[in-house]
Protein chains: 2
Amino acid sequence: MLAKSSTELVRQKNSVLVLTALRRHGPLAHTELSDFTKLSSATISVITTDLERAQIIEKAEQQAASGRGRPRVLFSQRRDCGYLIVVIISSDAVQYSLVDYAGRLIDRFTEDRQQTVPNVASFVRGLRDALNRIVVRSRLSRDKVVMISISSKGLVESSEPVLRWSPIFGREQIDFAAVLRGEWSAKVILGNETLLVAAAVGRQEENKKGRDFRALAALSLGHSIGLGVVRRGNEGRLEISAPNFGHMLHMPGGGLCRCGSRGCIEAYAGFYAILRTAFDVPLDTIPAKFVPVAELDKIATSARQGNRRNIHAFRQAGLALGNGLSRVLSLHESMPIAITGPGTRYYDLLLEGISEGLAESHVVRMEGMPELRVMADEPTLVFEGHLNRALAMMDDDIVRSGVAISELNEQTV
Amino acid sequence: MLAKSSTELVRQKNSVLVLTALRRHGPLAHTELSDFTKLSSATISVITTDLERAQIIEKAEQQAASGRGRPRVLFSQRRDCGYLIVVIISSDAVQYSLVDYAGRLIDRFTEDRQQTVPNVASFVRGLRDALNRIVVRSRLSRDKVVMISISSKGLVESSEPVLRWSPIFGREQIDFAAVLRGEWSAKVILGNETLLVAAAVGRQEENKKGRDFRALAALSLGHSIGLGVVRRGNEGRLEISAPNFGHMLHMPGGGLCRCGSRGCIEAYAGFYAILRTAFDVPLDTIPAKFVPVAELDKIATSARQGNRRNIHAFRQAGLALGNGLSRVLSLHESMPIAITGPGTRYYDLLLEGISEGLAESHVVRMEGMPELRVMADEPTLVFEGHLNRALAMMDDDIVRSGVAISELNEQTV
DNA sequence: ATTTTTTTCTCGACAGTCGAGAAATTTAGT
DNA sequence: ACTAAATTTCTCGACTGTCGAGAAAAAAAT
């Protein structure tokens, strides 16, 4: 049973609508807000004064009047309304970014993770230190940070910020909410890295195609394999999900994967797997923890020069990806696939296998080959995805609590 | 961008809330409605008088007063508010049911499909005739039928009532909206059969567990293989989807499937496939159009008596299902699996393969073996699913149009 | 007959949106 | 310098919606 509706909820939703318009199109005037949101001018007036009183938005500096008539006054978010820390955990480093409410980057640094044995306890210590450092450096009060958005490769709990499995820490779970509770009042969210890529690319597509955009999958190729899916939900908004694609079964009883299972897609298409095939190492060999890209580059150039075995290695990887993708398309619907990650530099070598792996299935025979496109700059997409997700969530949260604050103000004034 | 909210929308949503409560819990009094919907008594008054004036609900006959105090008056749907025709297309017959707005079955008959070559044109003719007949027999006006809900096995377009592929008509598509346009003003919806099973089981689970219910998959075993998934969406309501599971890739380059592809799950786990394996027919043999259940029963009993080859046939089928399910769980999340359809009678023989096929994957190693349960009576579940889906949709549509009608009444009176 | 109990209905207060037009403020024209 | 035109923002009254409190209704208990 759904929750009841009320007039207050209407206001909340429409306030979020205003904030979203502001977020997507930058500073906007009263009239433009009315245009974008389809709300009447009168309503915009009420909402903006409310949000202004609640210190969420502000009237921008008077800009040079451009035409005749009363000059527009632009509304924009108050940057100091709340801050976001983005934490991007990758295999060799952790990047910390401090972002204000308007989405502007304030501070950023990267901590190399020590290449030694991964240790959850020491990692958590490093995380705490770094979070501390970033607010101190910017002379920010701890409680002005209202959200901490973390991403990692691996398997993430959907409802809580718990990392269930990751290529770095394996089955050692990390509950980020528990780790940061007490010290931080901020809301902590966690997302699979490729999920955020999908979110970013999906947003781009929606900006381009509008309501025509239906669905898209983002495939990240690297030491591990990730997939994110973004689809238009039945309510009209975009829904993102991160299937555990890298560890979906490719071949029963097949090659040994880093996760300890056998026959995962990653065990055929991950960098270590390509290396393994290229050197004809037995498939049950324990995977390498880390493969320098240079190593793979060598195999690739030799493959491009005609080396049979190396061509085969990339082909096998492509097949695993293609078969897996065909299964994803069977389970959802046919959709374009955006390929990112360091593995895109071998796209020429993978393509044949991917195509063949896709071609066999019923979906592809029915719907035709899905569009494949390469999007090189993965880190940027990940960061964009963080911002899209976290800031939209902040808008929501702030409206919910911010309106209450404005009411308090009214009463005390 | 989401659509704006307004006070009128609030009323619409709350009206649907009232109708939904009525649908789930039968005739209810003012007080009970208030309890279920959490709306205030005053609001219930306004909404019920509105719905009553719009001829959507009515006050029930005065029932014997049960306690002291003013006696309750029960509201219930007006049965004649609109009618629904349910069309269930199965491999050997088509069942037509006429249902009133309260969900009560009024008339039902079954047309055997001629066992000859399936012909879309003649099928459509039969459909038109039968739909005609069912309203004439009940002396009902055509335009009192506001919805026609059709189900079939196969692949269904998600947004329009178009059958993309079916085991019966193959790649000959049927656009039911186009076929019935002109003759019928009713809204036409189409759903995959197993999707409706999932909807029905999901509803049952939600009634039992409430908000604790997260997700469930329904697996239908028979001549073809179907899967429906029901999950709680991010807005709190249940979302159902029907993956093209039967024709998901099981084994690259594997057995020939009825769909013309190779290596589909169905080509290993469908009845014809089990037969094929049992008789050691080459895997590229063109599948039998139809397999009498008696035939499979024979193989099963012989397997139960120890026949190696037949045991192997069921085991192979189980493995295909288990592997496929493991992939589904990788792509969504771990969830219980309800197994229905005629194939459940061989559950004992399939179980080992299913378990083994599931066990290998990363998800199952992480989350443990998903709960498997057998639900025998598939046809009932399919019909229940039809009612759940179609009547809920009717509530929505009727409120949208019905309130407009009541406004017209007000103005003309 | 009166009281108690339970349910339904009604009234006034409050929150929200909208359309229309008033007010504000700048540019263009003379 | 003044006025007219243009454009944007603000304000007011009408309408719709929900809610809490208490009145009204109707049956059982005393």
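Treat the numbers as computed from the prediction; the structure is a model and nothing was measured. Heavy-atom basis, side chains included; hydrogens, waters and symmetry copies ignored. Each chain gets a letter, A, B and so on, in the order its sequence line appears, and its residues count up from 1.
- At whole-Å resolution of the value, CG in B:Leu17 and C1' in D:dG17 are 15 Å apart.
- Taking 4.0 Å as the cut-off between side-chain N and carboxylate O, A:Arg11 and A:Glu8 do not count as a salt-bridged pair.
- In this structure, B:His30 has no ring-ring contact (aromatic ring centres under 6.0 Å, His included) partners at least two apart in sequence or on a different chain.
- None of B:Arg231, B:Arg211, B:Arg232 except one satisfies the salt bridge (charged side-chain N to carboxylate O under 4.0 Å, His left out) rule with B:Glu206; the exception is B:Arg232.
- Remark: the backbone N or O of B:Leu39 is paired with a side-chain donor or acceptor of B:Thr37 at under 3.5 angstrom.
- Here B:Leu39 lies in heavy-atom contact (under 4.0 Å) with sugar-phosphate atoms only.
- One atom, NZ of B:Lys38, and another, P of D:dT18, lie 17 Å apart when rounded to the nearest Å.
- A sub-4.0 Å separation between OP1 or OP2 of D:dG17 and a side-chain N or O of B:Asn14 is absent.
- Checked by atom type and distance alone, the side chain of B:Arg214 never pairs as donor or acceptor with a backbone atom of B:Met335 at under 3.5 Å.
- Whole-Å rounding puts the A:Lys13 NZ to C:dA15 C1' distance at 17 Å.
- Per the geometry, CD belonging to A:Gln12 stands 16 Å off P belonging to D:dT18, to the nearest Å.
- Put simply, B:Thr7 has no side-chain N or O that comes within less than 4.0 Å of OP1 or OP2 on D:dT16.
- Taking 4.0 Å as the cut-off between side-chain N and carboxylate O, B:Arg203 and B:Glu384 do not count as a salt-bridged pair.
- If you check D:dC19, C:dC18, D:dG17 against the side chain of B:Ala42, the one that comes closest is D:dC19.
- The distance from atom CZ of B:Arg11 to atom C1' of D:dC19 is 13 Å, rounded to the nearest whole Å.
- Here B:Ser6 does not reach the OP1 or OP2 of C:dT17: none of its side-chain N or O atoms lies under 4.0 Å away.
- For B:Thr49 and A:Val46, each mapped to the nucleotide of DNA chain C holding its nearest heavy atom, the one lying further toward the 5' end belongs to B:Thr49.
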Protein-to-nucleotide contact annotation, 5' to 3' order, nucleotides 3-8 of chain C [B base; S sugar-phosphate only; - none; under 4.0 Å, heavy atom]: -SBBBB
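- Rounded to an integer number of Å, the gap from CD1 of B:Ile44 to C1' of D:dG17 is 14 Å.
- For B:Arg142 and B:Tyr83, the positive end is not near the middle of the six-membered ring at less than 6.0 Å and at most 45° from its axis.
- Here the nucleotide nearest the side chain of A:Glu8, chosen from D:dC12, D:dC19, C:dG16, is C:dG16.
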